[in-house]
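What you see below is based on every heavy atom in this structure, not just the backbone, and it leaves out hydrogens, waters and symmetry mates. Throughout, a chain's letter reflects where its sequence line sits, starting with A, and its residues are numbered from 1.
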Amino acid sequence: MGKRRKMQQLFDDDESQPVDLLTMTAHELKSPLTLISGISSILLNQQTVSPKRQRNDLHRILHASDRLLALVEGLVAAGKLDNGYWRVERQPVIIGNLLRALIDELAPRLEDKDITVEIDRRYTMTPILADYECLYHVLYNLIDNAIKYSPQGAHIVIKPQREHTTAIIDIENTGKNLKTGPLEQLLEKSTGNTKTLRSHGLGLYIVQRLVEAQQGVVIVNVDDGVIRFRLKLPTVRQLSLFPEGKRVRHQTEQPAVAS
Amino acid sequence: MLEDDHDLGGMYASQLRQDGHTVIMLDDAQDALDYLHRKPVDVVILDLMLPIHNGFAFLYEMRGYEDWHDVPVMILSNLQKRDFPVSEQLLRHLGVRDILCKSRVRPADVVASAARLQYARRR
């Protein structure tokens, strides 16, 4: 192996060094803070700024602040889960309603990058068994991640699906930021280090913790330039949604209790 | 400019353009190398933490080509020098003319550094 090749490998392999959570957190917080500070300095130093430009810049500050807040809220949530302060309360959540609320919240960021979002409507009424707040954080992080790493004018596709008693939500975007192939290790907690998270963000660490707490899994895959995050969560058994279902179960259980 | 954070990259690019520079922003090291093969550039502004090949790998690859041996490079990253896997001396040897920490400089400093490097190269 030539010297040059060896050197290149050294640089590429540098990500094998474990990065502690605190370092990773600090690094993640720096980007939106740098954006807020940078745009503020631009606005302050410019003698004349058109109202349109001023408005655009203020929007960018607002989006960076939102990113920062979402990151901090996610960290607090993950911390509470780790320390047992958050009792996960799973209840039926209609995924379509949640997705609509999220897209509304992220609309300014989508407009800023001229990104379109397509939601496959076929299974949006599927009730998912999840903690609403947890699921909100998870989907916010995944969609925000897709926006962050998509080029201008990109297209994001969200596909809720159902497989027996499992709800599947695919979030797909085009981009070149991940290697091709399955990337389950990206979210593998058991490896004991955060090396693969270094390039892909703290948001995914938070996602992993929140999904695990809801007995779900998240899988990452890249296929022909399309990055797909697949979220799997339990659905609510259709029978238990209806009063008759509950009554039937109650009746069958009653003799056993009586005896 | 090789930068994978489109928000930050957009901020620097808009300031550079306002100062009269033409900016090509790419988020992938391979795309940046392909671009260099097609068109000459005056200055490379390089982020280090890139997902596929990091900035150091790009730098070493770039310096392997004779045509680009004198293109000045500005490192613009949130990594601090003490976290670099190589010495500053080696970076200078690899044609790094300025190292800026994003969180410690303003966009105006980036523009000033780019202008300085461009001027030095054209002189």
In Å and rounded to the nearest 0.5 Å, what is the [atom1] to [atom2] distance from [X] to [Y]?
X: B:Gln15; Y: A:Ile39; atom1: CD; atom2: CD1; value: 9.5 Å
X: A:Arg60; Y: B:Met11; atom1: CZ; atom2: CE; value: 7.5 Å
X: B:Met25; Y: A:Gln152; atom1: CE; atom2: CD; value: 8.5 Å
X: B:Tyr12; Y: A:Thr34; atom1: OH; atom2: OG1; value: 6.0 Å
X: B:Ser14; Y: A:Asp57; atom1: OG; atom2: CG; value: 7.0 Å

Atom [atom1] of residue position [X] - does it have more than 12 heavy atoms of other residues, nucleotides or ligands inside 6.0 Å?
X: A:His155; atom1: NE2; answer: yes
X: B:Arg92; atom1: CZ; answer: yes
X: A:Lys30; atom1: NZ; answer: yes

So, are A:Lys113 and B:Asp7 salt-bridged, with charged N and O less than 4.0 Å apart?
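Salt bridge absent between A:Lys113 and B:Asp7.
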
Structural part of A:Leu35 lying under 4.5 Å from a heavy atom of chain B
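Backbone plus side chain of A:Leu35, per the 4.5 Å heavy-atom cut-off to chain B.
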
B:Asn78, part contacting chain A, at a heavy-atom distance under 4.5 Å
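Contact with chain A: backbone and side chain both.
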
Taking side chain as everything from C-beta outward and backbone as N, CA, C, O, which of these in B:Gln18 sits under 4.5 Å from a heavy atom of chain A? Side chain, backbone, both or neither.
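For B:Gln18, the side chain is the part near chain A, not the backbone.
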
Residues that A:Ser37 engages under side-chain contact (heavy atoms from CB on, under 4.5 Å), provided they are two or more places apart
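Only B:Arg106 meet the side-chain contact (heavy atoms from CB on, under 4.5 Å) criterion with A:Ser37.
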
Between A:Leu33 and B:Ser103, is any pair of side-chain heavy atoms under 4.5 Å apart?
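Heavy-atom side-chain distance check fails, nothing below 4.5 Å.
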
Tell me which donor-acceptor pairs under 3.5 Å the side chains of residues 110-121 of chain B have, and how far apart each pair is, sequence neighbours excluded?
{"from": "B:Ser113", "atom 1": "OG", "to": "B:Asp98", "atom 2": "OD2", "distance (Å)": "2.7"}
{"from": "B:Arg116", "atom 1": "NH2", "to": "B:Asp98", "atom 2": "OD2", "distance (Å)": "3.0"}
{"from": "B:Gln118", "atom 1": "OE1", "to": "B:His21", "atom 2": "ND1", "distance (Å)": "3.3"}
{"from": "B:Gln118", "atom 1": "NE2", "to": "B:Asp42", "atom 2": "OD2", "distance (Å)": "3.0"}
{"from": "B:Arg121", "atom 1": "NE", "to": "B:Asp70", "atom 2": "O", "distance (Å)": "3.4"}
{"from": "B:Arg121", "atom 1": "NH1", "to": "B:Val41", "atom 2": "O", "distance (Å)": "2.9"}
{"from": "B:Arg121", "atom 1": "NH2", "to": "B:Asp70", "atom 2": "OD1", "distance (Å)": "3.2"}

